[in-house]
Each structure stands twice: as structure tokens, then as C-alpha cells.
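Hydrogens, waters and symmetry mates are skipped; everything else that's a heavy atom, side chains included, is used. Naming: A, B, ... by sequence-line order, numbering from 1 per chain.
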Amino acid sequence: MLLLLTQLFWTFFLIGLFGFGGGYAMLSMIQGEVVEHYHWMSMGQFTDIVAVSQSTPGPIGINSATYVGYTALANAGYEPYWGILGSFLATFAVVLPSFILMLLISRFLLKYRNHPAVESVFSGLRPAVVGLLLAASLLLMNSENFSSMSENPWRYCLSLLIFAFAFIGQKVYRLGPILIIMLCGVAGIVLGL
Amino acid sequence: MFELFKTFFQIGFFTIGGGYAMIPLIEQKVVDEKAWVSKEELLDLIAVAQSCPGIFAVNISIFIGQKRLGGRGALVSAIGTCLPSFVCILAIALVFQQFRENVWVEHFFRGIRPAVVALILLPVFRMAKSAKITRSNVWIPIVSAFLIWKLGVSPIFIVLAAGIAGYAYGQYLKSEE
């Protein structure tokens, strides 16, 4: 238990410290640590957490940290109040680096934002963060979220259709994420996915 | 102090869908209503908050809180921004725990999962535009994505390596000139 809480804290501290590029890019890190490295939850569970984080108030990074903290403890078989402690630790840990950094270096950054050394660091960072996000979506395209042709062809084809609908709905018709999530959830019930 | 908390609590509560959706609301509250910072200051602040690691909205709230009331202000603002998330998510997590085995909930989430993947894929293109991806550096996101996706490299390592490589590249180019 103590080990799990310590790992949770340390993981989210690192994510807060190296989480460049905002909430969506952070999701890639959370996924990497929480699903791939520590196996605190399955990819499907993580996807559900992302869905809830996108459709509830607040920044996605905070929402997912809170939810992951709870789920990691709940999955390990602890009572809900331990889950609440996990939530608190994960949220606190992900914000802590911001706190330290903003108080220490924000003034420095404000002044040296256009300094060549800072600019060269970001010339490498910015494109890599795009890669992080791409990796997050590629990793989520697995059989747990989409099923597969051999496992369940019906669910697989419908999943692909829903994926296309959500993509086009947001890109072309500019539907909001909550509307898309709700519509797709209802479609899941109606179609018996 | 309570004003700071209340303002950022509202900002945290009324933004759904992540940090950048918050910018208009932050501007309205902090610049127009309270006049805590000027519009130009806020623009600078947004640029710095974007280049700092961490959660965008939290970074902004800490900065403005500190400017108003020092360390205490920063703490209060950060708590204000995080609290709505914390309460909403915990309420959902506690309720969802009981309904996870429910067959309707299962269908609902099976419908949602492919949509979530699409919703995460879209910002890739949006960010590629703002990160100024061109033909000469398009290999960076592709290689980093491949390393994470197929070889299981940690994204944290990629971020570190990319920052160091960018710095080294900049220094090398300068010494060439």
C-alpha cells in the first residue's frame, strides 16, 4: 500500500515536471506510466477515464490524475477512502512541479523567452510533443477498445464507424466533445456493442 | 484572498474540454472583471504557461495568484482551479464503481471508446500546426511516436531527449556560423 502510494506520487510528480504541451500531451505520459509500466489498469479502463475527463468540468490533466489515483487504489482492492487518498496524492503531485517552477522560473522565462538557447530547446520539444500525442492515439487503437476482426467482427466494424463519425463530427462539423461522447455512448447502447 | 479562490473555482468549474477552452473565460474574469492583469500581460503569461511543463490552467492560476498575494495567493488559486475537478471526478468514480458491471454502462462505454481515440487524434493535427511542423522536422514526431508505440520507450524520456537534442542542435548550428 505504502509502496503503491509512493509510486503514485512519484509518477505524477514526474508527469507534472515533464508534461510539456498541455493536458492531451500529458495523457500520453499517464498512459505510458500507468498502463504500460505499472499495469495499474487496462487500456480500456484508461480510455474510459479519458472519456470522463473530457466530459467533466476542469482541466483534463487534473481530471485524469484524480481519476487514475482513485482507480489505481480501487483496482488493487483497497476501500474507497483509500482511493480518495490516492486521488488527492496524484492531483497534488501533478500540480507540485508547476508550483515550484512557476514561482521560481516564470519571471526568468518571461525575460528569456526569446533567448536562442531557450528557443533551441523548444525547437526540439515542440515537435516531440506532437509525437507523444500521436503515440497516445496509436496505442489506444487496440483490440480492447475496438475489438478485432477475428474476435467480434460486428463490434469491430461498428467501432471503426464510430471512430470515423467522431473524427468527422469534430473536424468537419465542429461538434463539441461532450456531444460526440454522449451520442457515441447512446449508439453503443442501441447497437448493443 | 477569497476572491482569488472564487474566481479560479469558477474558471475550473465552467470549463469543460481542457485548458485552451479556458482562455476566453480567464480573460473575461481576470482582465475585464477584476483587472488583476492587463491584456498584454495575460498574453505573455499564456505564452510562458504554455512553455512551462504542467497543466496550463493551473500554471496561469498560480502565476496570477502569486502576483496578487504572493505564495499564499498562488496556493489558494491553485486549489480553486483543482477543486471542481477533484470533487466531480471523485463523485463519478465512487458512483461508477457500483455500476461498472451493469450491462448498459458497459455498452455505453464500448460505444465511447473509439470516439475517445478520435478525439485524441484530432489535437495531433492542431498541435502539429502550432508547433510549426515542416518537411524538415516532421521526422521528429514520427520517430518519437514510433519509439513510444512500438518499442515502448517512456514518453518522459522522449521529452528529455528532445529538449537536450534541440539545445545541442542549436549550439552546434551557432558554432558553425
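Considering every non-hydrogen atom in both Phe167(A) and Leu121(B), the closest pair reads CE1-CD2, 3.9 Å. The nearest pair of heavy atoms linking Ser85(B) to Pro57(A) is OG-O, 3.8 Å. Considering all non-hydrogen atoms of both residues, Ile162(A) and Pro114(B) come closest at CG2-CB, 4.1 Å.
Both the backbone and the side chain of Cys82(B) have a heavy atom closer than 4.5 Å to some heavy atom of chain A. With a threshold of 4.5 angstrom between heavy atoms, Leu183(A) does not approach chain B through any atom at all. Using a 4.5 Å cut-off between heavy atoms, Gln31(A) does not touch chain B at all. Interface remark: Leu134(A) contributes backbone and side-chain atoms alike to the contact with chain B (heavy atom separation under 4.5 Å). Only the side chain of Ile133(B) comes within less than 4.5 Å of a heavy atom in chain A; its backbone stays farther off. In this structure, the portions of Ala93(B) lying under 4.5 Å from any heavy atom of chain A include both its backbone and its side chain. The contact between Phe122(A) and chain B is made entirely by side chain atoms (from C-beta outward), counting heavy-atom distances below 4.5 Å. Contacts between Val58(B) and chain A at a heavy-atom distance below 4.5 Å involve the side chain alone, from C-beta outward. Neither the backbone nor the side chain of Ala187(A) comes within less than 4.5 Å of any heavy atom in chain B. Interface residue Phe99(A): backbone and side-chain heavy atoms are both found under 4.5 Å from chain B. Proximity to chain B (any heavy atom under 4.5 Å) is shown, for Gln170(A), by both the backbone and the side chain. Proximity to chain B (any heavy atom under 4.5 Å) is shown, for Phe165(A), by neither the backbone nor the side chain. Only the side chain of Asn75(A) comes within contact range of chain B, with heavy atoms under 4.5 Å apart. Contacts between Thr91(A) and chain B at a heavy-atom distance below 4.5 Å involve the side chain alone, from C-beta outward. Looking at Leu75(B), the atoms closer than 4.5 Å to chain A (heavy atoms on both sides) sit in the backbone and in the side chain alike. Looking at Met29(A), the atoms closer than 4.5 Å to chain B (heavy atoms on both sides) sit in the backbone and in the side chain alike.
When side chains are defined from C-beta on, Arg113(B) does not count as touching Phe163(A), because their heavy atoms never get closer than 4.5 Å. Contact check for Ser98(A) versus Cys52(B): no side-chain heavy atoms found under the 4.5 Å cut-off. When side chains are defined from C-beta on, Phe18(A) does not count as touching Ile158(B), because their heavy atoms never get closer than 4.5 Å. Put simply, the side chain of Tyr70(A) does not reach to within 4.5 Å of the side chain of Phe96(B), judged on heavy atoms.
Note that CG of Leu83(B) is 11.0 Å distant from CD1 of Ile62(A), once rounded to the nearest 0.5 Å. Note that the CG atom of Leu94(B) and the CD1 atom of Ile84(A) stand 5.0 Å from one another [nearest 0.5 Å].
Residues of residues 137-146 of chain B lying within less than 4.5 angstrom of chain A, judged on heavy atoms, are Asn137(B), Ile140(B), Pro141(B), Ser144(B), Ala145(B) in numerical order.
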